[in-house]
Amino acid sequence: MTVSASTPSSTDLTTESTRVLYDQLVVLLKDLSHIKGIASLLGWDQLVMMPKNALDARANQMSVLDAAIHDMETSPVLGALLEECERRRLGGQLSSELNPYEMANIRIALKAYREETLVPKDVVREIASATAKANSAWKEAREASDFSKFAPFLEEQVKLARQSVGYKLNGGVCEEARKINQKARAALGLSDKDECYKGYYQVLVDSFEPGFKDDRLQVLFADLKRDLIPLIAKIKAKNFQHENGFLKGDFDIKRQAEFSDKFPARMGFDMDAGRLDESTHPFCSNSHPTDVRLATRYALDNFQEGITSTIHEAGHALYEQGRNKEYIDTPVSSPLSVGIHESQSLFWERLVMLSKPFWTYTLPLLKEQFADRENLQAASLDQFYLAFNRVEPTLIRLEADEVTYSMHIILRYEIEKALVEGDIQVADVPALWNAKMKEYLGLDVTEDRLGCLQDIHWSIGIMGYFPTYTLGSIYSVQIYNHARESIPDLDENLAKGEFHVLKEWLNKNVHEKGSLHESGDDLILELTGKPLDSSLYVKYLTEKYTTIYDL
């Protein structure tokens, strides 16, 4: 039997062998993967190359394309195949005939199918169109440093996010979120017909970090504030900073790009299966492992930002190119845990790039690229290492050092959770942002561009993602600790620029796993023997910066 446009009857499917059933399913999943890749390329084009006047056309294109994807994701044919596979799994008929990767494909696709069938197609189209317009409005508002120009579009994004979550919540997608919502309604004396968005953020978190509870996030972030704010205060109290004059002044952007753009390939990124461009906001587009698009940005007066952004996004790209080749166009090939994916970029950006072995190899190359800068030529390896690891609170998340970075994430988490759950209004965002920045990092936000308009996420409808950056930081330390145990001469490899040793270890132990595990915790437990442990992250930061600042 071949899959046709009509819905197969349960009788038809129950007579098929498991292998034939699974093969039919994979055909549909691969087609879905390919069309999602097209949407990803259109998104990349909008952020990197699209003419300004093409906005309305692109909004319409994305609306139609997302509706088509939604049709494929909610196809009755796909649903019938998945439900029959699930029936057999529950009956114990699959595990003896399919391998763990194939079983995972069914699990992931079924979860996605059940969620997508809950959201009407007209809502999907509305979200796609609104997102294209919101992103353009964000760019203009950011350039003008005027939040009011973006506010109406953010209000629409919040409304649509709630609407989408509401359909899923009512459809029974996230039991944890339903419990939170029902408890809040009871406490407030509300009926099921009354508006109440408590628990909605849990649904968003679960979409990026499956199985991770929002109340666990609250405890984790409270612990980080308890441990890191005093560490930041101790460093500040030293009233001392290591010399970094050799990093000051204007660094020609073309020469910066010539230098930094070589690092993805040095790290193992296949430039024949990807490209690197510049954008307002750095990102990695994952249309397909054979076509991975990176975007970075450079600042004339901030050399560190350029190389940091490039290496960060290259870390994402290495994951994309390292995905399991045998299942390349099926769900199990992609990362289930965004925190694990983020850990790979932070792994390279912080644990590798901020290390002394990395600069043992890289500093001579930098001096060669900027041979005319006398103060840079005179800088020693130790001086450079200390300069790159300065702890200086900054308004910009992408420029933040690794000690203060989590404060940026916690701030965003608290604001977007309050927005989604109705505790604050969009108009409250700038003042609340500025107040939290003052409380957590002691900084005064002087304009919206340097505050609530700096990130792209809300403009493209991504809410619930920010916590994965800090989860990624915690994962990265735990993974790096294990890598050092597994590769005894890792420092020597890095000092010689032999980054491929680490990249290949990550390919085997992290990237190729994809979504084989149901959560980031599960992968970390298998890899390191321990679940996610934030104390290792705090220990790493405390020990490293106690030494650097002689605390």
Side-chain angles (χ1 to χ4, degrees), residues 5 7 28-47 50 54-83 108-138 152-174 177 197 200-208 210 285-287 329 331 334 336 338 416 419-420 456-465:
T7 305
L28 299 183
L29 294 179
K30 287 187 174 181
D31 285 349
L32 185 55
S33 174
H34 294 320
I35 197 167
K36 283 184 174 180
I38 295 171
S40 179
L41 286 176
L42 283 179
W44 168 86
D45 175 73
Q46 180 174 343
L47 294 173
M50 187 185 79
L55 173 62
D56 288 341
R58 180 56 45 87
N60 291 332
Q61 292 163 356
M62 292 302 296
S63 176
V64 171
L65 187 57
D66 279 10
I69 291 173
H70 183 68
D71 283 343
M72 294 176 70
E73 290 178 322
T74 59
S75 158
V77 178
L78 176 64
L81 288 167
L82 286 168
E83 295 296 351
I108 299 161
L110 180 62
K111 181 177 184 290
Y113 173 79
R114 288 178 172 173
E115 290 187 8
E116 290 301 322
T117 53
L118 297 171
V119 183
K121 184 165 68 172
D122 61 335
V123 175
V124 173
R125 295 187 68 155
E126 189 177 359
I127 289 172
S129 178
T131 295
K133 294 174 181 177
N135 180 246
S136 179
W138 167 75
F153 298 89
L154 180 55
E155 287 176 351
E156 183 71 6
Q157 294 289 61
V158 172
K159 184 196 81 171
L160 290 170
R162 288 173 178 166
Q163 195 172 349
S164 179
V165 167
Y167 283 116
K168 294 177 181 179
L169 194 64
N170 292 332
V173 160
C174 185
Y197 303 114
Y200 277 42
Y201 194 75
Q202 174 64 68
V203 178
L204 298 174
V205 169
D206 196 66
S207 66
F208 297 113
S285 174
N286 56 346
S287 63
D329 293 313
S334 300
L336 184 68
V338 174
E416 70 177 9
L419 259 182
V420 169
I456 195 175
H457 302 64
W458 296 340
S459 78
I460 55 176
I462 295 179
M463 296 179 187
Y465 191 106

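Because only heavy atoms are used, hydrogens play no part in the values below, and waters and symmetry mates are left out as well, while side chains stay in.
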Checklist entry - If you take all heavy atoms of W458 and Q157, which pair is closest and at what distance? => result O-NE2, 3.6 Å
Item to check | Over all atoms of both residues, closest heavy-atom pair of A134 and S459 | outcome: CB-O, 3.4 Å
Next on the checklist: If I take atom CD from residue E73 and atom OG1 from residue T117, how far apart are they, to the nearest 0.5 angstrom?
Outcome noted: 10.0 Å
Item to check | Residues S40 and S285: side-chain donor-acceptor under 3.5 angstrom | outcome: yes
Next on the checklist: So if I apply the side chain to side chain contact (heavy atoms under 4.5 Å, CB included) rule between V165 and each of V420, V119, L204, which one comes out positive?
Outcome noted: L204
Checklist outcome for this item: Closest non-hydrogen atoms of V203 and C174, given as atom of the first, atom of the second and distance, are CG2-CB, 4.0 Å
Next on the checklist: If I take atom NE2 from residue H457 and atom OH from residue Y465, how far apart are they, to the nearest 0.5 angstrom?
Outcome noted: 6.0 Å
Item to check | Minimum heavy-atom distance G464-Y201, with the two atoms named | outcome: CA-OH, 3.5 Å
Item to check | Trace of the side chain to side chain contact (heavy atoms under 4.5 Å, CB included) decision for L118 with R114 | outcome: CA-CA 7 Å; L118 297 171; R114 288 178 172 173; over 6 Å; no
Checklist entry - Do I69 and L32 come close enough that some side-chain heavy atom pair is under 4.5 Å? => result yes
Checklist entry - Considering only heavy atoms from C-beta outward, does the side chain of L110 approach that of E83 to under 4.5 Å? => result yes
Item to check | Straight-line distance of T74 OG1 to E115 CD, nearest 0.5 Å | outcome: 13.5 Å
Checklist entry - Does M72 reach the side chain of K36, with side-chain heavy atoms less than 4.5 Å apart? => result no
Checklist entry - So does K133 have more than 12 non-hydrogen atoms from other groups sitting under 6.0 Å from NZ? => result no
Checklist entry - Could you state the interatomic distance from CD (E116) to CG (D71), rounded to the nearest 0.5 Å? => result 11.0 Å
Checklist outcome for this item: Between D66 and V124, the two heavy atoms sitting closest are O-CG1, 3.6 Å
Item to check | Full working for side chain to side chain contact (heavy atoms under 4.5 Å, CB included) between Q46 and L55 | outcome: CA-CA 8 Å; Q46 180 174 343; L55 173 62; 4.2 Å; yes
Checklist entry - Under 3.5 Å, is there a donor-acceptor pair between the side chain of D206 and the main chain of Q202? => result no
Item to check | W138 side chain near I460 side chain, heavy-atom distance below 4.5 Å | outcome: no
Next on the checklist: Run the side chain to side chain contact (heavy atoms under 4.5 Å, CB included) test on R58 and D45 for me, step by step, so that the C-alpha distance in whole Å, both residues' side-chain angles and the decisive distance to 0.1 Å come before the verdict.
Outcome noted: CA-CA 10 Å; R58 180 56 45 87; D45 175 73; 2.9 Å; yes
Checklist entry - Has the side chain of T131 got a donor or acceptor atom that lies under 3.5 Å from a matching backbone atom of I127? => result yes
Checklist outcome for this item: Value for CG (L28) from OG (S75), rounded to nearest 0.5 Å, stands at 6.5 Å
Item to check | Closest approach of L419 to R162 (non-hydrogen atoms, all atoms of both residues) | outcome: O-NH2, 2.8 Å
Item to check | Derivation of the side chain to side chain contact (heavy atoms under 4.5 Å, CB included) call for R125 and H70 | outcome: CA-CA 9 Å; R125 295 187 68 155; H70 183 68; over 6 Å; no
Checklist outcome for this item: Rounded to the nearest 0.5 angstrom, the CG-OG distance for L47 and S136 is 10.5 Å
